[in-house]
Amino acid sequence: MAKLGDLRSRLLFLLGALIVFRIGAHIPVPGVDAAALAQLFQNSNSNAGILGMLNMFSGGSLERFSLFAIGIMPYISASIIIQLGSEIVPSLKALKKEGESGRRVLTKYTRWATLALAFVQSLFATGIVYQQGIVSIPKLEFFVSGVVCLVTGTMFLMWLGEQITERGIGNGISLIITAGIIATLPSSIGQLFSMTADGTLHYLTALFIVLGALLLIYVVVYIESAQRKIPIHYAKRQVGNRIVQGQTTHMPFKLNMAGVIPPIFASSIILFPSQIVSWAGVSGADNWITRLAAYLQHGEPLYVIIFAVAIIFFCYFYTALVFSPREMAENLKKSGAFVPGIRPGEQTSRYLEKVVLHLTFFGALYITIVCLIPEFVTGMLSIPFYLGGTSLLILVVVTMDFGTQIASYRMNQQYEHLLRKPAARR
């Protein structure tokens, strides 16, 4: 950092942005009795369910009902809607093909969709908090101030994520979610130790949880580093008056090509509807809403099936979105490269598509297993706080990607420094 001033400024900007995020997570919405809300959140035993996941993704903002209580999830949901629409709706599909100008228009649509979704979610959240009897100001005043604060908080997080991506290091939205997950880890670890100390949780069970988490981290790191290397040969070509011999290299394909996007999208898809159903069924009446809310709880078969199907779907969808075998085959053909035993052009395109589909199948299976194992463990051991494979996967993968980007940035800076030296001598 001392030698690379630009890297230092980017890392300091990232640190400052995350500090701002943590400060905002502790600024409460006006009119709410914070002590009564914390007691209500604790007594409702929601830390082990969907509220626990929402609270973790927001960095503990939900249990404080702070400015960032609904977090960045509206933006993620809006991104899903726009990306799906760009594959289905002809007008959005045409915008996608227009390059940078079309991307800017789609980004504008995503922001407007984020605003609309944040408004709807903030109305629901404000209404539920008001029904708990912990509000000390008039109803209209609380609704206006609550909706304005929550919507502003979400839009600010969206802007902050974009600034981190542009002026910092890594993907801003992923880093904000990761920071929220890290912020809740100390309280979860402290709760685990306190439960072991007072005998609520057997020490062997606590040891099993810790070792299981470490083993799962090892598996994630190992599989995320796995690659399928496709050999690429370059034909001989004439450069000036001499013939350059063909070279042999390889094209790496990761087993998990979609990264953490599928579990984040799947969580966003299942969290909001299931939470609305849960809130609508809190009255205790024996109706279909109450039964549906019970079916959508963590560990229930319906929840597991929807979550698994959503992860697999987004693995295939996002991989198809970012990878075009036809375009890659054309680029190889234009550069005089070919896959041994495969004819350039259409056959190479079909071969690459087959390889990617094969890798995506195993990648989707791996992500689904990693995300669901902690869900089953939480249910079997009756752990009263959220322990999720989704959060662990996000934490490990984003951290690995962050380290890779720093190493790549340092290497680029060093190359530029070496290139500037000869120019300075001349």
Side-chain angles (χ1 to χ4, degrees), residues 57 70-124 150-166 170-177 254 256-274 276 306-307 309-331 349-350 352-353 356-357 359-360 363-364 367 394 401:
F57 282 171
I70 59 177
I72 200 67
M73 283 302 170
Y75 175 76
I76 297 173
S77 301
S79 300
I80 297 171
I81 294 171
I82 298 300
Q83 288 187 13
L84 285 173
S86 64
E87 297 296 323
I88 300 172
V89 181
S91 58
L92 296 179
K93 198 169 184 178
L95 284 173
K96 184 181 176 181
K97 296 178 179 179
E98 291 180 5
E100 184 63 25
S101 61
R103 189 188 64 82
R104 285 197 295 266
V105 176
L106 290 176
T107 300
K108 183 177 69 173
Y109 290 164
T110 303
R111 290 170 179 168
W112 281 109
T114 301
L115 180 64
L117 289 175
F119 179 76
V120 173
Q121 292 191 25
S122 62
L123 275 179
F124 273 100
L150 294 180
V151 172
T152 303
T154 295
M155 301 306 292
F156 177 79
L157 283 182
M158 180 187 69
W159 174 83
L160 189 66
E162 293 176 352
Q163 294 301 308
I164 291 174
T165 303
E166 180 180 350
N171 183 280
I173 302 300
S174 298
L175 287 171
I176 287 176
I177 295 175
K254 292 184 63 176
N256 176 24
M257 300 182 65
V260 296
I261 298 299
I264 292 177
F265 279 11
S267 300
S268 178
I269 287 293
I270 197 172
L271 280 178
F272 184 50
S274 58
I276 291 177
I306 295 176
F307 193 39
V309 170
I311 290 176
I312 294 172
F313 168 76
F314 282 116
C315 279
Y316 279 96
F317 171 75
Y318 192 76
T319 301
L321 199 66
V322 299
F323 177 78
S324 174
R326 185 180 297 275
E327 182 179 348
M328 184 167 288
E330 288 297 323
N331 292 335
S349 174
R350 288 199 296 265
L352 293 177
E353 184 177 7
V356 170
L357 289 176
L359 291 175
T360 303
I367 294 178
I394 293 171
D401 181 66

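What you see is a predicted model; the values in this text were computed from it and never measured. Atoms considered below: every heavy atom in the structure, side chains included; atoms not considered: hydrogens, waters and symmetry mates.
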**Item:** Contact summary for Lys96 and Leu321, nearest pair of heavy atoms
**Value:** NZ-CD1, 3.1 Å

**Fill in**
So the salt bridge (charged side-chain N to carboxylate O under 4.0 Å, His left out) pairs with at least one residue in residues 106-119 (sequence neighbours excluded) are Arg111-Glu162

**Message:** Taking side chain to side chain donor-acceptor pair (under 3.5 Å) as the cut-off, I'd like each qualifying pair that reaches into residues 311-321, sequence neighbours left out, listed once.
**Reply:** none

**Message:** Test of understanding: with side chain to side chain contact (heavy atoms under 4.5 Å, CB included), list the residues that count as partners of Ala113, not counting sequence neighbours.
**Reply:** Ala78

**Item:** Partners passing salt bridge (Lys or Arg N to Asp or Glu O under 4.0 Å) against Lys254 (at least two apart in sequence or in another chain)
**Value:** Glu224

**Fill in**
Taken to the nearest 0.5 Å, the spacing of Thr110 OG1 from Leu117 CG works out to 10.5 Å

**Request:** Measure across Phe307 and Ala266 and return the closest heavy-atom pair with its distance rounded to 0.1 Å.
**Result:** CE1-CB, 3.8 Å

**Prompt:** Among all residues two or more places apart in sequence or in another chain, which pass the side chain to side chain donor-acceptor pair (under 3.5 Å) test with Arg350?
**Reply:** none

**Item:** Pairing residues for Phe119 by the ring-ring contact (aromatic ring centres under 6.0 Å, His included) criterion, not counting sequence neighbours
**Value:** none

**Asked** To the nearest 0.5 Å, what is the distance between CG (Leu106) and CG (Leu95)?
**Response** 5.0 Å

**Request:** Using salt bridge (Lys or Arg N to Asp or Glu O under 4.0 Å) as the criterion, list what pairs up with Glu327, not counting sequence neighbours.
**Result:** none

**Asked** Who are the ring-ring contact (aromatic ring centres under 6.0 Å, His included) partners of Phe265, not counting sequence neighbours?
**Response** Phe314

**Message:** Quick one, Ile76 and Ile177 - any side-chain contact, counting heavy atoms below 4.5 Å?
**Reply:** yes

**Item:** With sequence neighbours excluded, residues passing side chain to side chain contact (heavy atoms under 4.5 Å, CB included) with Ser91
**Value:** Val89

**Message:** I need the minimum non-hydrogen distance between Val260 and Ser174, along with the two atoms involved.
**Reply:** CG2-OG, 4.5 Å

**Complete:** Residue set satisfying side chain to side chain contact (heavy atoms under 4.5 Å, CB included) with Asp401, at least two apart, ordered chain then number -> Gln405

**Item:** Gap between atom CD1 of Ile164 and atom CD1 of Ile173 - 0.5 Å precision
**Value:** 8.0 Å

**Asked** Considering residues at least two apart in sequence or located in another chain, which fulfil the side chain to side chain donor-acceptor pair (under 3.5 Å) criterion with Arg103?
**Response** Glu100

**Asked** Taking only residues two or more places apart in sequence or in another chain, which ones pass side chain to side chain contact (heavy atoms under 4.5 Å, CB included) with Gln163?
**Response** Phe13, Trp159, Glu166, Arg167

**Prompt:** What distance separates Cys315 SG from Met257 CE, expressed to the nearest 0.5 Å?
**Reply:** 11.5 Å

**Item:** Distance, nearest 0.5 Å, that separates CD of Gln83 from CD1 of Ile88
**Value:** 12.0 Å

**Message:** Could you check whether any side-chain N or O of Thr154 sits under 3.5 Å from a backbone N or O of Leu150, counting only pairs where one atom can act as donor and the other as acceptor?
**Reply:** yes

**Request:** From the options Leu157, Val151, Thr152, select the one residue that forms a side chain to side chain contact (heavy atoms under 4.5 Å, CB included) with Met155.
**Result:** Val151

**Message:** Using side-chain heavy atoms (C-beta onward) and a distance below 4.5 Å, is Ser86 in contact with Lys93?
**Reply:** no

**Request:** Any chance you could measure Asn171, atom CG, to Ile261, atom CD1, to the nearest 0.5 Å?
**Result:** 6.5 Å

